[in-house]
2 protein chains.
Amino acid sequence: MATLTDVARRAGVSPAAVSRHLNGRITLPPQTRARIDAAVAELNYKPNLLAKRLSTGRTEAIGLVTPEIDNPFFGELAAIIEEAAADAGYAVYITSTRGDLSREITALGRLRERHVDGLILMTNRPDDGALAKALSGLSNVVIVDEDVPGAAQPRIFVENSAGTRLATEHLISLGHRRIAMVGGPPGLMSVTERQAGWEAALAAAGLPPGPRLLGTYTRAHGRAAAEQLLAEGLPDAIVACADDIALGLLEALREAGVSVPGDIALTGFDDMRYAALIDPPLTTVRQPAAQMGRLALAHLLTLLSGGEVAPVTRLPVTLIPRSSTAPSKVPTP
Amino acid sequence: MATLTDVARRAGVSPAAVSRHLNGRITLPPQTRARIDAAVAELNYKPNLLAKRLSTGRTEAIGLVTPEIDNPFFGELAAIIEEAAADAGYAVYITSTRGDLSREITALGRLRERHVDGLILMTNRPDDGALAKALSGLSNVVIVDEDVPGAAQPRIFVENSAGTRLATEHLISLGHRRIAMVGGPPGLMSVTERQAGWEAALAAAGLPPGPRLLGTYTRAHGRAAAEQLLAEGLPDAIVACADDIALGLLEALREAGVSVPGDIALTGFDDMRYAALIDPPLTTVRQPAAQMGRLALAHLLTLLSGGEVAPVTRLPVTLIPRSSTAPSKVPTP
DNA sequence: CAGATTTGGTAAAGCGGTTTACTAGGAGAT
DNA sequence: ATCTCCTAGTAAACCGCTTTACCAAATCTG
């Protein structure tokens, strides 16, 4: 590989001149410029990024910390962010933490060690303060989708409570009265808020809350919840706090011979790809993944250039009615 | 941030001693070692990776080039690779090329510029030689899932033709006679091989090939193919070369009032997550994504440590029968 | 006890850029 | 003719770590 010095020698100037010319920090007379450009072309010179980075302290890379890159929702977010980052000249390090604190911390370490310029952080774990502590003092971080209580970094969420409120209102308008909620990990902000939306809609309609089953954001939890509800007596409808949970509910209910939406209505949350393709197509609350991804990157770029950014941004969600919800068979009084 | 020199000063030794001790390239007497370790701890010293990299020329990072990170199949592969790479001490740069040659080339450039130590490359585009040319001379690259004709790097594929042969034999054993194939981009190795498997199974059973519709590995192509088949007269069964294609077929057929598997049987390829959850659950050929990912990384690590690796590895596929295939209603003669 | 070997380090030259501080030479102003 | 300013660069320090080559003192060997 040709180095800057090789180019300089060939062009008959100093390395400094070449460096400054290439970075647009000096205006040289046309002939000199032409000689340098020619030398660059002839030697097929490519700057060594490592050297550049060491020198400037900037890496032109960002990190993306996701709980699970193979979850379509995070995959979509990652794809958008990667594309937008590439357009802005940044490479992306992706970490799939699988909900493991130590891998989250490792990723933060990369920022501390100036291995990346900034970080977009997503977690799906209730934090006991360890992650917040690891975040303290770090700038150039944007928290997305799920809160890390106690952290000072800017964050981007969706209107969680509005989402479940919409879903619950939709179910109520279809004539359902006894509406259960199956949620994710207790203590997680998104779960708390989604629960609040469900409760608010019920309260507004003068209905008592149905059963509430928290657990994890997994298909397995959906299955377990279905079994519990089957044992205790099925409600009219279920509001699931994630599409994955809804999928588990659906499987277990179908196996038990319960028809969705014939016997029970079901709503999800996320609108992951495939939510429309399952049987029955899932009524769900759409999170604007693409918009979140783009905004997260935009925020991060603003931070990187020394700008300021709103401490909390909330993006709207929309209810996508499909076939997993149908009018109640019990006539509305 | 404390530097090596700070540590050295505090421990009363030279920077060289600290560096060599920390990298295990010198054995020091216990007291000296203790002084250095103490200084490291007190200053909370973290080596600057950038500097280390510039010095050693190694980056301890690999690149992962995928066509679409938001496709669950590639997502699963990426998750496995990322996890295994992290265990081996490598960070992972992920690029989602969206089938764009220039982004593939950019990723290769990162290797050329010694920005990463090695690369795992997946593509889903028939190459006109441009990618092969960009690959020439690069070592530490493993090609996965799809071929790049003319490239010299080791590669890992699945038994494509065996996969469609299994699927086609399965359909034949269910009594289907007129079996169509809906494939991906013409010229792509996986497509050619999958077509060969379909033809071989039909030939072995003494059956003529049904319609063959090539296109892209997308749901849209599946829809278009379904429309064409509907217009030309439906076959008994369809072998789709990808689950995404099968999904498109399924949608369009359902909209046309054709029942799967009642009126027509359908098989996919990949066994992506959700293939089991759609309506009807999809009979498909399972590609061992996890195994491919792990093997790709193992190969790359072998290359990185100067080892040799098989030029071509083929992994077996398995047929996963589900409900999208059922016995033909036409009695077998 | 001289010479050889081991122990326990060090000095300094990279790695390949960037950047600050500086200067030789010519043009313009007085 | 002198002073100032601008143009077109250059020299050298620096980023933080690694590594080669080397050396002084201590220990062993014959």
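Values reported hereafter were calculated over all heavy atoms of this structure, with side chains retained and with hydrogens, waters and symmetry mates removed. Proteins come first, then strands; the chains are lettered A, B, ... in the order of their sequence lines, and each starts at number 1. None of these values were measured; they are calculated from a predicted model.
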Donor + acceptor pair across side chains of B/Thr216, B/Thr218 (<3.5 Å): yes
Interatomic distance where CZ belongs to A/Arg58 and P belongs to C/dG16 [whole Å]: 22 Å
So, is A/Arg25 near the phosphate of C/dT19, with a side-chain N or O under 4.0 Å from OP1 or OP2? yes
A/Leu54 atom CG is separated from D/dC17 atom C1', nearest whole Å, by 8 Å
Rounded to whole Å, the NE2-P distance (A/His21 to D/dT7) equals 18 Å
Is the phosphate of D/dG9, meaning OP1 or OP2, less than 4.0 Å from a side-chain N or O of A/Thr32? yes
Is it true that B/Thr123 and B/Glu104 share a donor-acceptor pair across their side chains at a distance under 3.5 Å? yes
Without hydrogens or angle criteria, can the side chains of A/Asn160 and A/Ser190 be said to hold a donor-acceptor pair below 3.5 Å? no
Between B/His115 (NE2) and C/dG16 (P), how many Å, whole number? 16 Å
Starting at the 5' end of DNA chain C and moving along, which residue's nearest nucleotide shows up first, A/Asn23 or B/Pro29? B/Pro29
Exactly one of B/Val312, B/Asp145, B/Thr313 should register a side-chain contact (heavy atoms from CB on, under 4.5 Å) with B/Phe157. Which one does? B/Val312
Take atom CG of B/Leu22 and atom P of D/dT18, then tell me their distance rounded to the nearest Å. 8 Å
Classify the nucleic acid contact of A/Leu28 as base, sugar-phosphate or nothing, counting any heavy atom under 4.0 Å across all strands shown. sugar-phosphate
Please pick, from C/dT19, D/dC15, C/dT10, the nucleotide with the shortest atom-to-atom distance to any side-chain atom of A/Arg20. C/dT19
Pair B/Asp270-B/Gln287, side-chain donor/acceptor within less than 3.5 Å: yes
For A/Ile26, report the nucleic acid contact type (base, sugar-phosphate, nothing); a contact means any heavy atom under 4.0 Å. base
What integer distance in Å separates A/Lys46:NZ from C/dG17:P? 13 Å
Can you tell me the distance, in whole Å, between the CG atom of A/Leu43 and the C1' atom of C/dG17? 16 Å
OP1, OP2 of D/dC15 versus side-chain N and O of B/Asn48: anything below 4.0 Å? no
Taking atom types as modelled and ignoring hydrogens, do the side chains of A/Arg53 and B/His115 form a donor-acceptor contact shorter than 3.5 angstrom? yes
Could you tell me how far apart B/Leu49 (CG) and D/dC15 (C1') are, to the nearest whole angstrom? 14 Å
On DNA chain D, more 5' by nearest nucleotide between B/Ala17 and B/Ala51 is B/Ala51
Applying a 4.0 Å non-hydrogen cut-off, can you work out what B/Ser19 is touching in the nucleic acid: base, sugar-phosphate, or nothing? base
Report yes if at least one side-chain N or O of B/Thr3 is closer than 4.0 Å to OP1 or OP2 of D/dG16; otherwise report no. no
Classify the side chain of B/Arg53 and the base of D/dT18 as holding, or not holding, a donor-acceptor pair under 3.5 Å. no
With a 4.0 Å limit, can you tell me whether A/Ser14 has a side-chain N or O closer than that to the phosphate oxygens OP1/OP2 of D/dG9? no
Under 4.0 Å, counting only non-hydrogen atoms across every strand here, what does B/Leu50 touch: a base, just sugar-phosphate, or nothing? nothing
Ignoring backbone atoms, test whether A/Ser55 places a side-chain nitrogen or oxygen under 4.0 Å from the OP1 or OP2 oxygen of C/dG16. no
